[in-house]
Number of protein chains: 4
Amino acid sequence: MPERAPSRGRPRDIDAGRRILIAARDLLLVDGYAALSIDEVADQAGVAKTTLYRRWPTKDHLIVAVVALMQDDVPILDTGDIRADLTDYLRQVADGLNTMRRAGLPESADDRSAGVVAEIAAAAARHADLGTLIRAVFARRNAMAIGLLASAARRGALRTDLDVAVLFDQLVGPLYYRILVTGEPVDHPYLDLIIDGALRGARPSHAHPA
Amino acid sequence: MPERAPSRGRPRDIDAGRRILIAARDLLLVDGYAALSIDEVADQAGVAKTTLYRRWPTKDHLIVAVVALMQDDVPILDTGDIRADLTDYLRQVADGLNTMRRAGLPESADDRSAGVVAEIAAAAARHADLGTLIRAVFARRNAMAIGLLASAARRGALRTDLDVAVLFDQLVGPLYYRILVTGEPVDHPYLDLIIDGALRGARPSHAHPA
Amino acid sequence: MPERAPSRGRPRDIDAGRRILIAARDLLLVDGYAALSIDEVADQAGVAKTTLYRRWPTKDHLIVAVVALMQDDVPILDTGDIRADLTDYLRQVADGLNTMRRAGLPESADDRSAGVVAEIAAAAARHADLGTLIRAVFARRNAMAIGLLASAARRGALRTDLDVAVLFDQLVGPLYYRILVTGEPVDHPYLDLIIDGALRGARPSHAHPA
Amino acid sequence: MPERAPSRGRPRDIDAGRRILIAARDLLLVDGYAALSIDEVADQAGVAKTTLYRRWPTKDHLIVAVVALMQDDVPILDTGDIRADLTDYLRQVADGLNTMRRAGLPESADDRSAGVVAEIAAAAARHADLGTLIRAVFARRNAMAIGLLASAARRGALRTDLDVAVLFDQLVGPLYYRILVTGEPVDHPYLDLIIDGALRGARPSHAHPA
DNA sequence: GATTAAACGAGACGGTACGTCGGGTCTTATT
DNA sequence: AATAAGACCCGACGTACCGTCTCGTTTAATC
């Protein structure tokens with residue numbers, strides 16, 4: 001186990017990091033990516049810029065941290081009803097994406113911009129470490145969803161002739177594709193279609209062998 | 001229709017635009033997005049910044065133009081063998097994405113960055129007009145691919161109980177998802193898996209009713 | 001003669017430089033060296049920071065330019081009365097120094113600080129080019145004063161057994177010494193003492209041979 | 001008188017102050033003023049910044065302390081030969097100044113920067129207490145030199161019609177002037193000229209009345 | 001051929017934000 | 001109570017790049 005290094009010097013202000021993240025998230029969601037400046041975040045958080053930079057060496061790092069924070073606490077249930085569980089999961093994913101997509105925009109309902117989502121992707125693309133980091137975040141969350149599929153496959157609720165990882169990509173991929181590329185809406189009806197498409201050929205979800 | 005104003009004054013240098021695009025593309029592919037500054041592009045193209053801005057009002061516009069240029073001439077064939085045609089199409093898409101993903105990087109084969117792809121998405125997200133523009137480019141190309149699916153469906157080579165647009169999303173979405181989000185490789189084996197997944201349940205592609 | 005290079009590109013705004021210098025001088029004399037920030041100067045001058053930095057690459061460079069500006073237009077007269085002329089000259093020098101010494105200070109009459117004078121010296125010490133520059137400014141002005149002494153020497157109004165350059169140092173050196181080192185006042189009585197000391201042994205200034 | 005509080009707690013590390021001064025001096029003389037940051041000094045001295053600030057409240061205070069340290073032990077002799085004594089004294093002053101002027105510079109013999117000397121003056125100008133302090137140091141040393149002149153005057157080795165304080169300024173002032181302002185060298189020949197200038201009109205130093 | 005209108009090269013300009021540096025203060029645990 | 005360590009606040013610095021502007025110069029089309 002890792003030996004906890006003896007605390008030397010003044011310890012970091014645990015609250016400062018929290019306040020920074022909150023300020024950044026608020027600015028991001030309210031005013032959008034462009035409006036988010038480091039100085040402003042530091043101001044809002046009541047923190048010196050140096051304190052911020054000590055934790056996140058770059059604006060991109062900060063942004064990604066904010067997003068990672070927003071990915072937490074997404075509970076995934078395995079009720080045995082694979083279709084219901086998937087619907088639930090995809091709705092959570094879509095909600096998160098839609099929230100970020102619309103960050104900083106008024107009420108213009110017809111907007112098709114990828115908004116903050118694209119900026120995050122770009123940020124991760126610019127820094128290798130951020131890529132690894134955010135992929136880890138996603139991997140952790142995805143692992144649970146993939147587990148869902150795997151368990152469904154085990155009980156025969158899915159066709160067994162396919163890789164659950166690929167199946168997962170085909171469930172989630174279209175959402176990102178629409179958000180980031182085509183700009184088409186990602187709403188509940190669309191999610192149902194996606195699930196239909198992915199599960200087709202599967203036996204009925206509630207199939208309990210007699 | 002817009003009356004073409006009678007040509008007065010010095011005509012635009014037809015070659016300038018071309019040289020700008022080339023310079024931009026080279027910088028983008030060789031040195032990566034970060035190295036591409038407007039001043040640098042103008043320099044490389046041997047052109048004044050004014051000349052550049054007269055054609056593209058924004059750096060983002062220029063970038064998107066470069067990418068649109070790279071999307072040209074993707075022939076799509078309908079041989080009747082839907083699996084083969086899809087494979088062909090997806091490989092072209094994947095090749096384009098992989099090229100952009102690796103722009104500006106040496107030979108570090110293990111790179112998982114989304115590279116330029118993400119920057120394009122971000123650029124499109126920042127300007128509504130660019131979004132529309134690039135979506136039009138994609139739509140045009142996609143229309144052909146969707147036509148492929150539709151004709152296959154008509155001849156019964158696909159299950160008819162699903163929307164070909166959704167099916168298309170499930171074919172292409174995963175590619176973008178991997179490129180932009182998970183960073184996983186998008187290679188030929190993966191494409192085969194995707195196609196398998198999407199076509200499963202379909203009758204054999206060459207199914208000729210006895 | 002130097003061929004005037006053909007003007008290419010937008011010419012520099014002659015007024016901008018002037019406004020910057022004025023703003024800098026005002027800030028310097030009113031608020032003192034510490035209060036003078038580049039951002040503030042640019043603001044006051046109604047100019048972008050880049051415009052300022054295009055002219056003076058460093059805060060130190062700007063400050064020195066300000067001082068050089070203040071050294072202009074110091075008329076030196078040669079009336080034939082060497083004592084009177086010297087008095088006049090030294091008073092001008094002393095006035096300039098005393099003004100800079102007191103820059104940014106209220107009315108605390110007992111102040112002995114070298115104030116801005118020392119900061120200038122330090123700035124010149126930090127950058128070789130500034131040293132050369134400011135020495136050139138001083139040399140130009142000093143040349144006139146030394147000319148004064150030389151002409152007096154020629155007409156026999158001074159002892160001829162000494163180097164006028166050294167004599168000059170002994171006139172001016174004490175002023176700087178007091179300002180920069182001992183902090184003692186440099187007022188009119190002191191100037192008279194200095195001149196007395198330097199001219200002692202000389203024949204009466206108005207000595208016109210019969 | 002201030003009651004010395006009974007010693008409680010850990011006593012001050014007597015060596016720390018010494019190590020700090022040495023580190024500061026070394027940095028100053030070797031790398032120049034710019035390279036001297038408080039953090040660096042503390043590092044080099046193997047001391048925490050708190051320890052340093054407990055002794056000197058400001059970087060400027062530390063610098064001045066370093067210089068004061070270097071001014072120690074300048075013996076002044078009164079041999080009765082005023083010219084010889086003055087020469088000796090001025091050489092010591094000049095040596096000190098030249099050492100500081102060249103601090104942090106390689107072997108570029110043609111350098112005319114005032115170097116650290118100007119920084120000291122600036123430091124003293126920024127803090128009233130430092131001004132007083134350093135003036136006291138100088139005053140103590142100068143008093144001896146002025147005593148030299150006074151005793152020479154008493155024995156009639158100097159003209160009596162002038163203030164020895166002013167005479168002193170005219171001896172020392174030029175050195176500082178050259179160092180801080182004109183950048184000209186302050187070498188032995190120059191010192192001789194200065195002394196000649198100041199003593200001219202005086203009777204020969206060894207003049208023993210017949 | 002003179003005029004004219006727009007494109008062009010060059011580079012200054014306004015503006016905004018970034019990330020860095022250094023000074024000096026504070027908070028822990030340790031001595 | 002001093003120390004080591006290092007986090008913290010603050011303020012300014014100099015840089016980078018964007019997109020605009022202002023010159024003087026060139027290039028056709030028009031008069």
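Below, chains carry the letters A, B, ... as their sequence lines are ordered, and counting in each starts from 1.
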Hey, are the side chains of [X] and [Y] touching, using non-hydrogen atoms and a 4.5 Å cut-off?
| X | Y | result |
| --- | --- | --- |
| C:Arg126 | D:Glu119 | yes |
| C:Val64 | C:Trp56 | no |
| D:Tyr33 | D:Met100 | no |

Please identify which of these residues, C:Val47, C:Leu62, C:Ile22, C:Asp26, meets the side-chain contact (heavy atoms from CB on, under 4.5 Å) condition with C:Val41.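 It is C:Leu62; the other options fail the test.
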From [options], pick the nucleotide closest to the side chain of [X]?
| X | options | result |
| --- | --- | --- |
| D:Arg19 | F:dC13, E:dA10, F:dA4 | F:dA4 |
| D:Lys59 | F:dA4, E:dG22, E:dA10 | E:dG22 |
| A:Arg12 | E:dG19, F:dC8, E:dG9 | F:dC8 |
| A:Lys49 | E:dT20, E:dG24, F:dC18 | E:dT20 |

What is the distance from [atom1] of [X] to [atom2] of [N], rounded to the nearest Å?
| X | N | atom1 | atom2 | result |
| --- | --- | --- | --- | --- |
| A:Ile63 | E:dA17 | CD1 | C1' | 13 Å |
| B:Asp43 | F:dC17 | CG | C1' | 14 Å |
| A:His61 | E:dG19 | NE2 | P | 10 Å |
| C:Arg8 | F:dT25 | CZ | P | 8 Å |
| D:Asp15 | E:dT31 | CG | P | 19 Å |
| C:Leu62 | F:dC13 | CG | P | 10 Å |
| C:Ile20 | E:dC13 | CD1 | C1' | 11 Å |
| C:Ile14 | E:dA12 | CD1 | P | 15 Å |

Hey, does the side chain of [X] come within less than 4.0 Å of [N]'s phosphate (OP1/OP2), counting only N and O?
| X | N | result |
| --- | --- | --- |
| A:Arg54 | F:dC8 | yes |
| B:Arg55 | E:dC8 | yes |
| C:Arg10 | E:dG14 | no |
| C:Thr51 | E:dG14 | yes |

B:Ala45 backbone acceptor or donor facing B:Arg19 side chain under 3.5 Å: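 Side chain of B:Arg19 to backbone of B:Ala45, a donor-acceptor pair under 3.5 Å: yes, one is there.
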Mapping D:Tyr53 and B:Asp13 to their closest nucleotides on DNA chain E, which lands nearer the 5' end?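 First, find each residue's nearest nucleotide; the 5'-ward one identifies B:Asp13.
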Closest nucleotide of DNA chain F for C:Pro57 versus for A:Ala16: which of these residues is on the 5' side?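 The 5'-side residue here is A:Ala16.
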Heavy atoms only, 4.0 Å cut-off, all strands: where does C:Thr50 land among base, sugar-phosphate and nothing?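 Touches a base.
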With a non-hydrogen cut-off below 4.0 angstrom, is A:Gly17 in contact with a base, only sugar-phosphate, or nothing?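 The residue A:Gly17 makes no contact with any strand.
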